[in-house]
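A short write-up of the structure that comes next.
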Amino acid sequence: MNDTQGKFITIEGSEGVGKSTNISFIKDYLEEKNIELLITREPGGTPLAEEIRELLLQKRSENIDETAELLMMFAARAQHLNTVILPAIDAGKWVLCDRFTDSTYAYQGGGRGLSWQLIERLEETVQQELQPDLTLYLDIDVKLGLARASKRAELDRFESEEIDFFERVRTAYLTRVKTDTKRYQVIDAGQDLQLVQADITHVLESFF
Ligand code: T5A
């Protein structure tokens, strides 16, 4: 990535951790600095990828095979990356993405038990060398996150999983963030929102 290119920031965490809430806070922060920003999400971010999202999140009687789920995540990602994210970065915009491949390591790897080597192979195929410049990982006690999530709309297919699933998701995230302490910045999302946002501001200031 050269100086005329934008930056790629991702925000990660388990259910109800406050990603949407804090994305709008980060948007205000970056726009104050006159940064041209694209906000997007995964799975989704293009019409086709949003259709795949619907397929993935809908509760259904047919059990979705884990590998099929994994491939659908990467199918949506390939479309999103090549038609939305990369063109925006090349045009000098900053991209703020609600979830990216770390979610796949956490949910399909940790949660579903698929191997990280398999995920790595798909990651290389779809992303080549591309990695986010900064990943904010919002960490929360699983029960607290689920309590927050359950206050909103009806639970989707992932949110309806058992608590053990989300404990494995969190463990996978916590393992992953240790692999690159520069890219991953861990925020304690169990705190009051003002404190969470003070920590996010601190991370963004260091990033600049
Ligand atoms: N998925 C995704 C995979 O399995 N593999 C993949 O590769 C990818 C990309 C997508 C699902 O897909 C799975 C993971 C997911 O299950 P999603 O919509 O992105 O779904 O994920 P959710 O976690 O469900 O996202 P939500 O938008 O539903 O939750 P948020 O954005 O984390 O939480 P938010 O901001 O809506 O906050 C939840 C509630 O908590 C309050 C908010 O006001 C809100 O009511 N809140 C706080 N309350 C107290 N203190 C704080 N600090 C608070 N922060 C927020």
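Counting starts at 1 for both ligands and their atoms, following the listed order.
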Using a strict cut-off of 4.0 Å, indicate which atoms of ligand 1 neighbour a heavy atom of [X].
| X | answer |
| --- | --- |
| Thr21 | 34 (P), 35 (O), 37 (O), 42 (C), 55 (C) |
| Gln191 | 50 (N), 51 (C), 52 (N) |
| Tyr107 | 3 (C), 4 (O), 14 (C), 16 (O) |
| Arg53 | 17 (P), 18 (O), 20 (O) |
| Arg77 | 7 (O), 9 (C) |
| Glu42 | 9 (C) |

- Item | Within 6.0 angstrom of Gln58 CD, more than 12 heavy atoms from elsewhere | yes
- Run the salt-bridge test on Glu69 and Arg157 with the 4.0 Å N-O cut-off and return the result as yes or no. yes
- Are Glu50 and Arg41 ion-paired here, with the side-chain N under 4.0 Å from a carboxylate O? yes
- Message: Is it true that Gln5 and Asp90 share a donor-acceptor pair across their side chains at a distance under 3.5 Å?
- Response: yes
- Message: Against ligand 1, does Pro43 come closer than 4.0 Å with any heavy atom?
- Response: yes
- Just going by heavy-atom distances, which of Glu15, Met73, Lys19 is nearest to atom 32 (O) of ligand 1? Lys19
- What closest approach, in Å, do Leu155 and Lys59 show between heavy atoms, and which atom pair accounts for it? O-CE, 3.0 Å
